[in-house]
Amino acid sequence: MTLLIDKEIVEKETSKTATTYPIDPAMVVQGKHADNERLKIESDFLRGTIADDLNDRITGGFTPDNFQLIRVHGMYQQDDRDIRAERQKQKLEPLHNVMLRARMPGGVITPKQWLAIDKFAQEHTSYGSIRLTTRQTFQFHGVLKPDIKLMHQTLHSVGLDSLATAGDVNRNVLCTPNPIESEIHQQAYAWAKKISEHLLPQSRAYAEIWLDEEKLETTEASKDSVEPILGASYLPRKFKTTVVVPPQNDIDVHANDLNFVAISKNGQLVGFNVLVGGGLAMTHGDQLTYPRRADDFGFIKVDDTIAIAEAVVTTQRDWGNRVNRKNAKTKYTLDRVGIDAFKTEVEKRAGVTFAESKPYEFTERGDRIGWVAGIDGKYHLTLFIENGRLLDYSENDHAKQLKTGVAQIAKIHHGDFRMTANQNLIIAGVAEQDKAKIETLARQYGLLKDDVSLQRTSSMACVAFPTCPLAMAEAERFLPSFVTQVEGLLTKNNLSDEAIILRVTGCPNGCGRAMLAEVGLVGKGPDRYNLYLGGNKGGTRIPKIYQENLTSAAILTELDSLIARWSTEREATVNGEKEAFGDFVIRVGIVSEVKVSKRDFYD
Ligand code: SRM
Ligand code: SF4
């Protein structure tokens, strides 16, 4: 099978380009820069004093600047919130540890790599779990300072890293994760990888600090060339990119700053429609923050992909708000300077003119749990992993040993694994003769069950307690029993074969993408959530607030009557299917439709 990516094109496009552009002051927010800007500039290209902190064993934590800087190296300092108060009572510092998030464009990981991360999670993390995330990678939670370097070296020894999975940089690049379903999927994945690599920080800080590589001094003369794309102060805020193959929108384009929507002709990838400026986070009570859909900039040919990716990133780098981090993401830059101005600048920088967008449609987002056949004669088994948490929940009962189960599969699997943006895991590239063995293991270890409802596989939650420092309410720990209750409501109304896209996030940052759900719960406080309704199946509509500050019991009461109405009043759609819940609540006026998020999200 040939990839459309031509080696020469890639080499030409990935060569270092001049990255300073004349900047119109009218496009830049004036004022005192946020403190994060100082620390990035002073960090000597992401080094800071991380190495010194690592040797300081008096505290388990990092100094405030390094607390931020380690994020670009893929780590967050955390502590277990369940035991925080108790430790405080005992006059102990919080039990500082780090969470690590790996870089894994398109979520692809080999069995050998899997076995290495499995072993590390088992031996060196306090939770003993591997957590699949909503952005096609995994996290370790609870790694203590003495093990941090070992963790990076372990990843490196199997060809993995965690560079730029957090912080003000381009994050892990997502890609529709069934790569052998068509040639387009494979080509899309190759582009996701290429974009990820092209936009990575070039600083050698990661290699020096974690892999003990030789330290290179940054001289005054070399400063300008260290980061040709990101610049010495990196991006104003996090930046997220995807490559997606319609009609699947399984990576949720509207949560991302930059999206390449694959357009094909006669089975070949001919280019991408480019969508810019999506993002879901908001702050309770601050109407200057809001979730926003990405805007369609137009169509580009495949050869222009890297140039456009770089131009969008450098435009956001130069025009993004460095004064107020709450308004620093690309979505706010677009609304401040105007879509046309941003797009024209991207065209100028890339030397590419957007053509009119090509038609496409997103119809679904869920993963197809179970086996699918690939075009290469191989098979792929998608496992539903509730909340993405791979953990051995019992010492003796195999059926509850999810983490061990995946490791057992890794030992005999000849293909690879693909993490999905719905926190699930695909065992990809299985030969016909190996299917039965793999399926037996998956069933034996509770990774594949016949009685999981469509509602459960359509539900998702962010991590929240006990590790997330920003959580206001439970999410991951709350979801399983809440779904059971929703299943009950569906059954009561003869809808047990149907599902509502249900998502819960422990705070308004939106990591579980509740702001693209048909029913979204956004945490406000202990057992308190704002209830949003009206997203759609394709993930192209933002839901609207229905009621605020409800307990979970009150939400179930609301859902009880809404689902009862849906079951009796729903209509057939034009293509004969029954109306989805998110469409229904808008048609009958339970909530109004959010069309232009900035204007009508808060009406
Ligand atoms: Fe997220 C911060 C977990 C996807 C928006 N997110 C966090 C932190 C690191 C908390 C912190 O800053 O200290 C959470 C760590 C929890 C923990 O203990 O693991 C966290 N985010 C996650 C993950 C693990 C949720 C999950 O259950 O899978 C996802 C990891 C993705 C990855 O692998 O890179 C995750 N985060 C998202 C998404 C969804 C997406 O990208 O598709 C969003 C919304 C989309 C967007 O960016 O608009 C999201 N996370 C945020 C934000 C708000 C950003 C903003 O624009 O204001 C924060 C807070 C921040 O950055 O200040 C945040
Ligand atoms: Fe934490 Fe909030 Fe993200 Fe959930 S949505 S993981 S609570 S930051």
Side-chain angles (χ1 to χ4, degrees), residues 36 67-68 70-71 74-81 97-105 107 127 129 131-142 162 164-174 236-242 250-257 259 277-284 286 289-294 324-332 385 387-389 419-424 460-479 503-516 520-524 539 542:
N36 286 57
F67 177 95
Q68 297 287 342
I70 58 169
R71 295 184 174 189
M75 292 175 294
Y76 288 83
Q77 181 174 315
Q78 300 187 323
D79 68 288
D80 187 328
R81 294 181 62 182
N97 58 62
V98 300
M99 171 268 273
L100 172 127
R101 186 184 285 164
R103 185 174 69 91
M104 201 145 285
Y127 299 92
S129 72
R131 175 56 155 75
L132 309 183
T133 78
T134 52
R135 292 191 70 79
Q136 288 188 295
T137 184
F138 70 85
Q139 290 182 175
F140 291 136
H141 287 100
S162 63
T165 54
D168 297 345
V169 284
N170 181 57
R171 306 275 185 101
N172 195 38
V173 177
L174 304 191
R237 200 69 168 87
K238 54 172 67 170
F239 189 94
K240 297 181 173 179
T241 305
T242 77
D250 45 9
I251 47 75
D252 262 331
V253 291
H254 293 292
N256 291 275
D257 298 68
N259 304 277
L280 303 182
M282 58 185 166
T283 303
H284 288 312
D286 178 357
T289 65
Y290 46 88
R292 184 188 192 280
R293 281 158 36 101
N324 178 0
R325 285 180 67 76
K326 277 195 185 302
N327 285 128
K329 285 204 75 185
T330 317
K331 62 180 179 177
Y332 301 116
I385 310 295
N387 294 314
R389 183 71 69 178
M419 301 177 194
T420 82
N422 293 311
Q423 303 168 332
N424 294 321
M460 191 159 83
C462 71
V463 178
F465 286 96
T467 54
C468 179
L470 308 178
M472 299 171 178
E474 294 282 354
E476 178 178 327
R477 298 196 292 199
F478 157 84
L479 187 76
R503 293 175 175 180
V504 183
T505 63
C507 84
N509 283 323
C511 305
R513 294 197 292 266
M515 284 301 98
L516 287 169
L521 274 59
V522 177
K524 256 208 129 175
I542 287 169

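Counting convention: from 1, in listed order, for ligands and their atoms alike. Everything numeric here is computed off the predicted structure, so don't read it as measured data.
- Taking CD1 of Ile251 as the start and OG1 of Thr242 as the end, the distance is 3.5 Å to the nearest 0.5 Å.
- Atom numbering of ligand 1 starts at 1 in the shown order; those under 4.0 Å from a heavy atom of Lys329 are 46 (C), 47 (O), 48 (O), 56 (O).
- Taking both residues in full, the closest heavy atoms of Gly167 and Arg71 are given as N-CB, 4.0 Å, listed atom of the first, atom of the second, then distance.
- Every heavy atom of Gly512 sits 4.0 Å or more from the atoms of ligand 1.
- Checked against a 3.5 angstrom limit, the closest N/O atoms of Lys331 and ligand 1 fall outside it.
- Residue Asn172 places no heavy atom under 4.0 Å from ligand 1.
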Donor-acceptor contacts, no H, no angles, side chain residues 464-474, under 3.5 Å, sequence neighbours left out:
residue, atom, partner, partner atom, Å
Glu474, OE1, Arg477, NE, 3.0
Glu474, OE2, Arg477, NH2, 2.9

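- Closest protein heavy atom to atom 43 (C) of ligand 1: Lys240 NZ, 3.3 Å.
- Scanning the protein heavy atoms around atom 52 (C) of ligand 1, the nearest turns out to be Lys238 NZ, 3.2 Å.
- Summarising the local packing, NZ of Lys326 is surrounded by 12 or fewer heavy atoms from other residues, nucleotides or ligands at distances under 6.0 Å.
- Close approach of ligand 1 to Gly279 (heavy-atom distance below 4.0 Å) involves ligand atoms 48 (O).
- Protein contacts to atom 1 (Fe) of ligand 1 involving N, O or S atoms at a distance below 2.8 Å are Cys511 SG.
- Ligand 1 is never approached by Arg325 to a heavy-atom distance shorter than 4.0 Å.
- Of all protein heavy atoms, the one closest to atom 33 (O) of ligand 1 is Thr133 OG1, 2.6 Å.
- Every atom of ligand 1 is numbered from 1 in the order shown, and the set under 4.0 Å from a heavy atom of Arg237 is 55 (C), 57 (O), 60 (C), 61 (O), 62 (O).
- Set against the non-hydrogen atoms of Thr137, the atoms of ligand 1 under 4.0 Å away are 33 (O).
- Within the listing of ligand 1, atoms 48 (O), 53 (C), 54 (C), 55 (C), 56 (O), 57 (O) sit less than 4.0 angstrom from a heavy atom of Ala281.
- Take a cut-off of 2.8 Å around atom 3 (Fe) of ligand 2: the protein N, O or S atoms inside it are Cys511 SG.
- Atom CD of Gln136 is separated from atom CG of Asn422 by 9.0 Å, given to the nearest 0.5 angstrom.
- When hydrogens are left out, the protein atom nearest atom 14 (C) of ligand 1 is Cys468 SG, 4.0 Å; that is the closest non-hydrogen contact.
- At least one side-chain heavy atom of Phe478 sits under 4.5 Å from a side-chain heavy atom of Leu521.
- Protein heavy atom at the shortest distance from atom 18 (O) of ligand 1 is Thr467 OG1, 2.6 Å.
- Tested against Asp168 for a salt bridge (Lys or Arg N to Asp or Glu O under 4.0 Å), the candidates Lys238, Lys240, Arg325 yield a single pass: Arg325.
- Taking the salt bridge (Lys or Arg N to Asp or Glu O under 4.0 Å) definition, one finds that Arg389 meets it with Glu476, sequence neighbours left out.
- Note: Thr165 OG1 to Asn170 CG = 11.5 Å, rounded to the nearest 0.5 Å.
- Using a 4.5 Å heavy-atom cutoff, the side chains of Thr289 and Tyr332 are in contact.
- To the nearest 0.5 Å, atom CZ of residue Arg292 and atom CG of residue Leu280 are 12.0 Å apart.
- Among protein heavy atoms, atom 34 (O) of ligand 1 sits closest to Arg101 CD, 3.3 Å.
- For the pair Tyr76 and ligand 1, the shortest N or O to N or O distance does not fall below 3.5 Å.
- In this structure, Ala461 is part of the shell of residues with a heavy atom less than 4.0 angstrom from ligand 1.
- Residue Arg171 places no N or O, backbone or side chain, under 3.5 Å from any N or O of ligand 1.
- Note: Met75 CE to Phe67 CZ = 12.0 Å, rounded to the nearest 0.5 Å.
- Looking at ligand 1, you won't find any N or O of Leu132 less than 3.5 Å from one of its N or O atoms.
- Ranking protein heavy atoms by distance to atom 32 (C) of ligand 1, first place goes to Arg135 CB, 3.2 Å.
- The minimum heavy-atom distance between Thr134 and Met460, with the atom names listed, is CG2-CE, 3.7 Å.
- In this structure the side chain of Asn256 reaches within 4.5 angstrom of the side chain of Arg135, judged on heavy atoms.
- Taking every non-hydrogen atom of Gln423 and a distance limit under 4.0 Å, the qualifying atoms of ligand 1 come out as 26 (C), 27 (O), 28 (O).
- Looking only at distances, no side-chain donor or acceptor of Gln423 sits under 3.5 Å from a matching main-chain atom of Cys462.
- Looking only at heavy atoms of the protein, atom 24 (C) of ligand 1 is closest to Gln139 OE1, 3.1 Å.
- The pair Asp257-Arg171 does not count as a salt bridge, with every side-chain nitrogen at least 4.0 angstrom from each carboxylate oxygen.
- Residue-ligand proximity, Pro469 to ligand 1, at heavy-atom distances under 4.0 Å covers atoms 13 (O).
- Put simply, part of Arg131 is less than 4.0 Å from ligand 1, judged by heavy atoms.
- Taking every non-hydrogen atom of His141 and a distance limit under 4.0 Å, the qualifying atoms of ligand 1 come out as 17 (C), 18 (O), 19 (O).
- In this structure, the side chains of Ile542 and Leu516 come closer than 4.5 Å at one or more pairs of heavy atoms.
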